[in-house]
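Letters A, B, ... mirror the listed sequences (proteins, then strands); counts begin at 1. From a predicted model like this one, the values you see are computed outputs, not experimental measurements.
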Amino acid sequence: MDQNKKDVSRRPEGRAKEPAKKQGFIMVLCAAVIICAVLLIGIKNIVDSFYGSFVLHDANTSTALESVEPFNESDQKTELLSPLETQWDLYRDARLEERVTATADDGVNLSGLLYDDGFPVTVIALHGFDGSAEGDFLYGPFLGEELHANLLLPDSRDHGESGGTCVSYGYFESDDLLQWVNWVIDRYGNDQKIVIYGDTMGAATALMAASRLPENVKLIITESPYDSLEHVAKYELKTWYSLPSVFLTLLQWRGSDEYSLGDVVVTDAVGSAAIPALFLAGTEDTYLPETMTRAVYDDYGGEKELVEVDAQHGLLYATDSEKVESAIEGWWSRFVQD
Amino acid sequence: MSKQNRVTQMFYIILIPVILVVVFLNSGLPQIWLTAASCGGERFSAVRYDYYYYSCYNEFIDENSEQLSELGYDENVEDKDQNYDADTTWEEYFRQEAEARISYAVYYNTLAEAAGYSFSEEELSPVETKLLELQADYTAKGISAKNYYKAYYGPGMTASRYQKELTYEVKAAAYADYLKEHTDVGSEEIASYVSEHGMADYKSVNLRLITMSAVPDRFQGEVGEAQLDALTERLSRLSALLEAKPDSAEGLARTYSDGANAQAGGLLTDQTKSSVPEQISDWCFDSTRGVGDTEALVDRENGVAYWVCFLGWGESGAAMEATQAIQAEKAAARESADLSSYPVLRKAIGMTVTG
């Protein structure tokens with residue numbers, strides 16, 4: 001027998017295992033890729049949902065807000081709000097509602113509703129996130145009929161009939177407010193007195209503009225402003241979406257092309273403000289805790305007062321209208337009335 | 001072949017075709033290739049059918065957005081899973097409405113083509129108007145045109161396909177108007193109509209009319225005394241504005257009037273006694289009425305306020321009204337008879353792809 005002749009009928013054991021190892025590795029790799037893709041898609045969907053709802057303000061906003069308790073309907077809320085809502089309806093229905101427009105510095109078309117009673121005072125009322133000029137302004141009958149003011153209700157950018165493609169929580173909106181103030185002065189003349197009312201995002205907007213407003217603005221009334229957008233985002237992610245703040249990094253990475261979370265710091269903007277300001281805060285507010293309002297109040301540079309109401313977010317006036325009206329009347333008589 | 005090799009091959013054999021099928025179904029190609037329906041020899045792909053279906057659906061939602069629940073429609077439930085009436089689902093209702101429009105469009109386009117009719121720019125102007133309206137809508141919503149047309153008019157719909165179908169429909173409406181206006185009406189027919197409808201002493205008036213309605217209470221859904229008082233105050237403010245600036249009436253009418261004539265600045269010409277609201281007809285047709293006379297009143301029973309300015313007596317009177325009425329009757333009769341010859345025949349597979 002030729003000992004050099006190899007027995008090709010019998011393969012060495014080592015060679016038979018190599019093809020199986022390679023294919024097994026490929027299968028595991030494919031599975032890992034698919035699992036990673038699914039995880040990334042899931043995370044991306046969550047970030048997209050949050051970003052789309054709260055920055056791009058797209059059609060899914062109402063779905064996103066359904067998971068946020070302060071925006072949920074309840075019988076108790078309806079009972080509290082309905083009398084004021086009826087009053088607002090009657091105020092609005094008795095007047096000729098005028099749709100007015102202005103142009104923002106960056107060319108965005110701004111729109112709003114004006115209720116002109118020919119008074120020497122105009123209140124510019126800034127709504128909160130997901131609101132609009134067509135929404136309820138429950139302070140309207142009190143400010144309009146009892147304190148004798150015209151009402152201008154702008155649609156914030158990317159809300160209502162105003163243009164714009166993203167919500168900047170006061171960053172661009174504060175510039176827009178300056179345009180509206182100038183609009184009121186053009187309409188009524190330089191003797192017109194102006195009062196700014198803002199609710200949450202509207203309040204932050206008013207406060208971020210406070211140091212830049214002209215002398216015509218005699219008083220700012222803010223309800224539940226936040227201190228910074230980053231603080232709000234962390235709080236919302238944790239409280240309402242049960243997500244750790246590490247996801248904030250994804251939002252920041254995703255970012256808007258036009259501004260970043262770090263650009264919206266209300267506390268930085270109010271130190272040099274001089275216009276008298278009345279701060280309204282709900283002690284039972286779980287949407288934007290009172291501590292945020294207090295932080296802004298503490299840093300505010302002008303004459304100020306903080307009025308606390310034992311109420312949830314958005315229900316201050318409905319819960320204790322007497323206290324709120326009394327506070328406003330006090331400041332109105334000092335700084336607005338002749 | 002080893003067992004692992006077979007598993008791997010099966011994995012790819014199943015996965016890749018599934019991916020391809022998913023991509024194909026989402027590409028919009030089936031909507032273009034498959035026939036959803038036909039009418040009068042005209043083929044309607046799923047995309048074309050979708051134009052009519054979603055136009056009916058979107059118009060229904062726009063016109064009835066505040067009373068959908070009262071009409072028994074729930075936006076959160078599929079159309080095929082909720083009933084319009086005992087025998088019809090909402091999906092079937094919208095299909096029937098869509099198919100009526102398809103029949104109408106095919107019928108009049110067929111007639112126009114047979115007559116060699118040329119459409120003027122003015123007749124086709126509603127196409128541009130509608131496209132601009134949609135552009136404003138998707139711009140305001142921050143959506144791209146591509147995504148907008150897909151979302152609101154079905155998969156496979158694009159701006160160009162929408163425009164093509166819209167033009168087809170606008171042409172039908174324009175030719176229908178042309179036929180109606182060019183329907184011959186004899187003098188004997190006019191005389192007979194005038195006699196039958198007691199129009200012998202017919203006068204007509206020209207007015208500027210602003211109409212405003214009371215807003216129902218949002219909780220009760222009804223107009224009560226408080227709402228009527230609010231309406232009265234609103235009319236009073238409007239009257240004060242008009243008294244201070246009479247030349248502003250046209251603009252104010254456009255802004256504040258609820259009436260169908262609002263966009264015309266409240267202008268109504270050649271109005272007969274029967275076409276003017278009953279609440280103001282006696283005032284309008286008072287023989288002592290002078291140009292510039294105004295009247296403001298609130299009809300509390302019906303929750304409507306009127307501000308009217310008399311602009312003068314009309315010229316055409318009975319003959320024109322009778323002619324228009326007869327033309328409309330003849331057009332309706334012809335349409336009713338002929339449209340039955342243009343039924344819409346559904347094709348099963350294409351219909352499955354649609355909606």
Side-chain angles (χ1 to χ4, degrees), chain A residues 16-17 19-28 30-31 34 52 55-63 78-79 81-83 85-100 108-109 111 113-118 136 141 145 155 157-167, chain B residues 1-12 15 75-76 136-144 147-148 151-152 210 212-220 223-242 244 248 251-257 303 305 307:
Chain A
K17 284 181 184 172
K21 261 191 193 168
K22 190 174 173 184
Q23 287 180 3
F25 174 73
I26 291 171
M27 292 294 290
V28 168
C30 284
I34 290 169
V55 179
L56 297 183
H57 194 225
D58 69 13
N60 290 325
T61 302
S62 59
T63 307
T78 303
E79 199 179 318
L81 292 172
S82 56
E85 287 167 345
T86 299
Q87 275 183 34
W88 168 242
D89 287 344
L90 291 174
Y91 171 92
R92 193 167 45 182
D93 294 343
R95 280 159 180 79
L96 298 171
E97 181 183 273
E98 189 181 342
R99 175 61 69 174
V100 296
V108 167
N109 293 326
S111 181
L113 290 175
L114 177 70
Y115 299 94
D116 183 0
D117 281 349
D136 295 328
E145 289 177 333
D155 281 319
R157 58 172 56 205
D158 199 32
H159 288 75
E161 296 192 22
S162 285
T165 54
C166 77
V167 184
Chain B
M1 187 185 295
S2 73
K3 187 178 177 184
Q4 271 186 323
N5 273 341
R6 274 201 295 274
V7 168
T8 308
Q9 283 199 346
M10 287 303 295
F11 179 76
Y12 291 123
L15 182 65
E75 282 187 277
N76 297 314
D137 195 29
Y138 65 70
T139 303
K141 289 179 162 78
I143 309 172
S144 68
N147 289 337
Y148 181 84
Y152 284 88
I210 298 175
M212 297 189 294
S213 303
V215 181
D217 176 86
R218 71 164 86 173
F219 300 104
Q220 309 298 324
V223 170
E225 290 301 307
Q227 285 72 37
L228 291 170
D229 290 343
L231 177 65
T232 304
E233 192 177 338
R234 185 161 24 121
L235 178 65
S236 168
R237 290 171 191 272
L238 179 72
S239 299
L241 264 184
L242 288 162
S248 64
L252 289 170
R254 284 204 181 89
T255 306
Y256 296 114
S257 184
W307 181 92

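- In terms of heavy-atom pairs under 4.5 Å with chain A, the best-connected choice from Thr255(B), Leu231(B), Leu238(B) is Leu238(B).
- Side-chain contact between Asp89(A) and Asp217(B): absent, with no pair of heavy atoms (C-beta onward) separated by less than 4.5 Å.
- Residue Glu85(A) touches chain B through both its backbone and its side chain, counting heavy-atom pairs closer than 4.5 Å.
- Rounded to the nearest 0.5 angstrom, Tyr256(B) OH and Glu97(A) CD are separated by 8.0 Å.
- Remark: Arg234(B) does not engage Asp93(A) in a salt bridge, criterion side-chain N to carboxylate O under 4.0 Å.
- In terms of heavy-atom pairs under 4.5 angstrom with chain A, the leader among Ala214(B), Ala226(B), Ser236(B), Ala230(B) is Ala230(B).
- Separation of atoms CG (Asp229(B)) and CG (Leu90(A)) is listed at 9.0 Å; rounding is to 0.5 Å.
- Ionic pairing of Arg218(B) and Asp136(A) is present here: one or more N-O contacts between side-chain nitrogen and carboxylate oxygen are shorter than 4.0 angstrom.
- Between atom CZ of residue Arg237(B) and atom OH of residue Tyr115(A) there is a gap of 11.5 Å, rounded to the nearest 0.5 Å.
- In this structure, chain A has no heavy atom under 4.5 Å from any part of Leu252(B).
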